[in-house]
Amino acid sequence: MADLMTSKNPNVKASLKTVWRVASAAIVVGGLWAGSVLAKDPFRTTNPKPISDNTSAAFEALFKQGNYKAATTYLSKLDPNEPLALSMKASLTYSSMQGLSKEEKDKKSAILEEFKSYATQTRSAAEKLRGSDPLRGNLYLAVSHFFDGVYTFTKEGAVKGAPQVLNELQQIMKYLDAAQVQSPNDPELNLLRGYIDVYTGVYLPFSNATKGLERLEKYAGPRYLAERGLAMGYLEMKDYDKAIAAVDRARQLAPDNPELEYLKARILVKQGKDQESLSYFEKALSKKEQNQLPLGLVKEMERAQRKTKERVAGVGK
């Protein structure tokens with residue numbers, strides 16, 4: 001374990017690069033948190049936590065509907081004491097940096113520092129919350145350290161930033177363990193920890209992807225995000241049949257989210273079903289302007305769609 005947790009290990013360097021690239025896309029850009037306008041607590045049907053209506057509305061807009069425009073409007077009125085709202089603001093800020101050109105280096109740098117500011121605010125709010133709610137306080141301290149890892153990875157790169165990124169990973173696990181002591185079956189905790197366990201388990205040798213899948217299957221909520229996490233996890237693990245089944249369940253629960261259409265398209269491509277995937281690419285991209293999808297995500301979708309169309313047309317054969 002000690003040898004594995006060192007930046008001098010080349011296998012860890014390569015794995016870290018994949019973990020932070022994929023996990024930041026999955027959690028920061030792709031969206032880990034979601035909720036319902038009708039319920040202040042988007043995660044729990046019993047013993048709800050006092051999460052504001054505005055934060056819940058931003059949840060639903062961003063991650064159930066995939067509507068970045070509406071989410072940005074809701075989050076223009078931030079609750080400075082709610083780390084969940086601040087973490088969503090950090091996620092939106094980071095996503096706005098993706099897809100900018102190399103010539104926009106200064107703009108990217110400014111956005112990255114803004115992202116860092118929201119990460120710091122998330123930590124401050126989590127520290128305050130920990131006294132009255134140690135479960136969510138510790139949970140969002142873990143989130144803040146995840147953001148710090150993403151910041152370091154983005155700014156310094158995999159090799160130079162590896163020691164700090166490894167330290168942040170240890171901090172994440174420390175605070176998640178502390179949250180788990182409070183309520184091991186909590187839906188919010190298991191949603192976050194499930195995603196992290198899956199991605200670290202796939203790419204790093206000191207975690208357990210199967211445990212992450214179990215958390216998402218049995219305890220995580222809301223269900224449409226748990227199913228989305230299962231689909232993403234099975235996709236990374238190359239179990240495409242299970243990935244399709246999970247993404248279809250997620251789509252039934254969140255039918256308006258274009259990112260789920262894109263996820264299904266990606267899985268179909270991996271199954272060799274290029275022709276079938278094209279309609280899902282179209283559905284995903286049809287809402288790029290209406291929902292103001294992030295530029296980086298749109299470019300990624302369009303690139304994947306273009307390559308798929310070329311394969312269908314037999315270009316290059």
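For the numbers below, each heavy atom of this structure counts, side chains included, while hydrogens, waters and symmetry mates do not.
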Using a strict threshold of under 4.0 Å (side-chain N to carboxylate O), is an ion pair present between [Y] and [X]?
X      : Y      : answer
Asp177 : Lys174 : no
Arg136 : Glu82  : yes
Lys287 : Glu261 : no
Lys155 : Glu113 : yes
Lys307 : Glu310 : no
Asp79  : Lys89  : no

### Query
Rounded to the nearest 0.5 Å, how far apart are OG1 of Thr154 and CD of Gln98?
7.0 Å
### Query
In terms of heavy-atom contacts, does NZ of Lys299 have more than 12 from other residues, nucleotides or ligands at under 6.0 Å?
yes
### Task
Tell me, yes or no, whether the heavy-atom count around Lys242 atom NZ, taken from other residues, nucleotides or ligands under 6.0 Å, exceeds 12.
no
What I'd like to find out is whether the side chain of [X] reaches to under 4.5 Å of the side chain of [Y], using heavy atoms alone.
X      : Y      : value
Glu156 : Gln164 : no
Phe147 : Arg123 : no
Asn67  : Leu62  : no
Val202 : Tyr199 : no

### Query
side-chain hydrogen bond (donor to acceptor under 3.5 Å, both in side chains) with Glu188: which of Arg44, Arg193, Lys49?
Arg44
### Query
So Ser117 and Gln121, side chain to side chain donor-acceptor pair (under 3.5 Å) or not? Walk me through it.
CA-CA 6 Å; Ser117 173; Gln121 292 177 58; 3.2 Å; yes
### Message
Assess, by modelled atom type and distance only, whether the side chains of Gln271 and Asp241 contain a donor and an acceptor separated by less than 3.5 Å.
### Response
yes
### Task
Report the C-alpha distance between Tyr219 and Glu214 in whole Å, list the side-chain angles of each, state the deciding distance to 0.1 Å, and finish with yes or no for side chain to side chain donor-acceptor pair (under 3.5 Å).
CA-CA 8 Å; Tyr219 306 114; Glu214 181 181 346; 5.1 Å; no
### Query
Do Arg228 and Tyr224 meet the cation-pi criteria used here (NZ or CZ under 6.0 Å from the six-membered ring centre, within 45° of the axis)?
no
With clusters defined by side-chain heavy atoms of hydrophobic residues (ILVMFWY) lying less than 4.5 Å apart, directly or transitively, does [Y] cluster with [X]?
X      : Y      : answer
Leu84  : Tyr94  : yes
Ile244 : Val198 : yes
Leu166 : Leu141 : no

### Task
Please identify each residue that fulfils side-chain hydrogen bond (donor to acceptor under 3.5 Å, both in side chains) with Asn257, with sequence neighbours left out.
none
### Task
Applying side chain to side chain contact (heavy atoms under 4.5 Å, CB included), run through Leu176 and Met173 and close with a yes or a no.
CA-CA 5 Å; Leu176 288 177; Met173 296 306 176; 4.3 Å; yes
### Task
Would you confirm whether the ring centroid of Phe59 sits within less than 6.0 angstrom of the ring centroid of Phe43?
yes
### Task
Mind telling me whether His145 and Tyr175 have parallel, tilted or perpendicular rings, with 30° and 60° as the class edges?
parallel
## Note on the structure
In short, Pro83 meets Leu129 closest at the heavy-atom pair CG-CD2, 3.8 Å
### Query
What pairs meet the salt bridge (Lys or Arg N to Asp or Glu O under 4.0 Å) rule with one or both residues in residues 91-112, with sequence neighbours excluded?
none
